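Here the structure is laid out as structure tokens; the discussion comes afterwards.
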Protein chains: 2
Amino acid sequence: MPSRPGIPRPTAARVSLYLRELERRLEQGQATIRSRELGHSLGLTDTQVRKDLGHIGHLGFPGVGYRIEDLIARLRFLSGTDRGWRTAVVGVGNVGRALLSYDRFETEGFRIVAAFDSDPRKVGTRVGDHEISSMDRLGEFVQDRGIRIAIVATPPDAAQDAADALVEAGISGILNFAPRRLEVPPPVVATEVDLGMSLLQLALQVRIATGDLLEIADESSKAAPMRARSIRR
Amino acid sequence: MPSRPGIPRPTAARVSLYLRELERRLEQGQATIRSRELGHSLGLTDTQVRKDLGHIGHLGFPGVGYRIEDLIARLRFLSGTDRGWRTAVVGVGNVGRALLSYDRFETEGFRIVAAFDSDPRKVGTRVGDHEISSMDRLGEFVQDRGIRIAIVATPPDAAQDAADALVEAGISGILNFAPRRLEVPPPVVATEVDLGMSLLQLALQVRIATGDLLEIADESSKAAPMRARSIRR
DNA sequence: CAATGTGAATGTATTCACAGCT
DNA sequence: AGCTGTGAATACATTCACATTG
């Protein structure tokens, strides 16, 4: 039920990796690439690259490799970034400001066409090229400007309300920077970038990589089944 | 070879999710939680929660559930966030500034104890509580202040040099916000948060969820094997 | 009795091995 | 000859089913 739409989830997650590397190579004037080469740059095996690209279309030439330009065109088409996703930012605090100034979105196929904040003192001011609008006008803007994706960068307490308003306005996807899970009804999609969680995951990997917690984790995995412990601390 | 250190990777990736939800519940005064409940809040099954927590230690009480406080203590211990990771930010542009102002890191077990930038005009200025230092002093600070984790938020061209300097200085992990893959020698760990990639992944999920590309993806998956195509465009 | 912890069964992703194409 | 695309084999993760515990 979660989704079997042709492209396996892990493959979909790697599409953006492929795209970034391919564009780097194209810039450097490279015209074709072999699966081995691409995989090596990305820390993947050649087989995995071919399987992934196989899910996406038959674009390789045996004995030659893949034409980078065609592959990019295909991936951009699949992700819709060839047509420019119209995007809104909701919540203009520290993070929101950084996002509004992040010029790279444009070249990657996303155009920020509106910014909203609930603080009346911010409404009407500008950040970079963007004028901040009142949350009241969200429905109107989403409709008029064809906005399909929103970035939520409000404080955590305001995030779900913002999401509800966005869903109500007819948005299709939300990228959430507030550190809490958002509830959205299907087929709306919400994904999350939690800076604290990213750091914590890194920290855990560091502890694993440096071997700090090898015994700790093992000790408890293979202990006697249901061994007695007191519920008192 | 990649790592089999007791805790499976997908489980490790969920640890931060568990922690965030558990802390929310603890704040609200909840003392214990059942796997079903926790899973429901996170979009996971009860079995999955129990398997994950089983990898981490035997902290559940049949018929009762898990003591939230103990579970948090355990997860914080595992991730080392109970002792406060000393962290540096390298690159103080839009993103770096947002990170330096992001007060949540502190409560989540990370303390930013230094900020660096290669631009001499920025050196000596302050962002929030943090004074910006010259890159020359990186080795010195890392040593003196016990820095083990760094956040790289430089422009892409400077990111690998920054990473090399950090590795040289003896850092253990890097969280990279620059849109390119960093090479680091083991056991140093580098993970990535690429805002453009996050948006692209969301866009792809939106297209999958809305069914926009069902036929597109399928068409090519089951086509005749190795059908002829010209390499001319 | 109600919930955990865990082997067994299932489902999914990755890797292998090689047929088929240019 | 060299590389892609892909079934078959393997490895891994999730789910099921239930014995075990507080």
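So you know, we letter chains A, B, ... as the sequences are listed, proteins then strands, and number each from 1. Since this is a predicted model, take the numbers as computed values, not measurements.
Of the side-chain N and O atoms in A/Arg14, one or more sit less than 4.0 angstrom from OP1 or OP2 of C/dT14. Residue A/Thr47 places no side-chain N or O under 4.0 Å from the OP1 or OP2 atom of C/dT14. For the pair A/Tyr66 and C/dT22, the criterion of a side-chain N or O lying under 4.0 Å from OP1 or OP2 is not met.
Remark on DNA chain C: of its neighbouring residues B/Asp46 and A/Pro10, the 5'-side contact belongs to B/Asp46, judged by nearest-heavy-atom nucleotide. Residue B/Arg34 is the one, among A/Thr45 and B/Arg34, whose nearest nucleotide of DNA chain C lies closer to the 5' end (criterion: closest heavy atom).
In this structure, B/Asp52 places its CG atom 10 Å from C1' of D/dA13, rounding to the nearest Å. In this structure, A/Arg9 places its CZ atom 10 Å from P of D/dT14, rounding to the nearest Å. Protein atom CG of B/Leu44 is 14 Å distant from nucleotide atom P of C/dT4, rounded to whole Å. In this entry the distance linking NE2 of B/His58 with P of C/dT4 reads 14 Å, nearest Å. In this structure, CG of A/Leu59 is placed 12 Å from C1' of D/dG5, rounded to the nearest angstrom. The nearest whole Å value for the distance from the CD atom in B/Gln48 to the P atom in C/dG11 is 16 Å. Between the CG atom of B/Leu53 and the C1' atom of C/dA3 there is a distance of 13 Å, rounded to whole Å. The distance between atom NZ of A/Lys51 and atom C1' of D/dT6, rounded to the nearest whole Å, is 5 Å.
Between B/Gln30 and B/Glu37, the closest side-chain pair of non-hydrogen atoms falls below 4.5 Å. A heavy-atom distance below 4.5 Å is found between the side chains of B/Glu23 and B/Leu19.
Nearest nucleotide to the side chain of A/Arg50, out of D/dT4, C/dT4, C/dC16: D/dT4. Here the side chain of A/Pro62 is nearest to one of D/dC16, C/dA17, C/dT22, namely C/dT22.
A/Gly65 comes within 4.0 angstrom of sugar-phosphate atoms only, judged by non-hydrogen atoms across all strands, and of no base. Residue B/Ser35 is in sugar-phosphate contact alone, with no base atom involved, counting any heavy-atom pair closer than 4.0 Å across all strands shown.
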Check the pair A/Glu69 / A/Arg25 against salt bridge (Lys or Arg N to Asp or Glu O under 4.0 Å), numbers first and verdict last.
-> CA-CA 10 Å; A/Glu69 206 168 344; A/Arg25 302 248 182 183; over 6 Å; no
Applying side-chain contact (heavy atoms from CB on, under 4.5 Å), run through B/Phe177 and B/Val152 and close with a yes or a no.
-> CA-CA 6 Å; B/Phe177 280 83; B/Val152 169; over 6 Å; no
Show the numbers, then the answer: is there a side-chain contact (heavy atoms from CB on, under 4.5 Å) between B/Ser198 and A/Leu175?
-> CA-CA 8 Å; B/Ser198 304; A/Leu175 182 62; 4.2 Å; yes
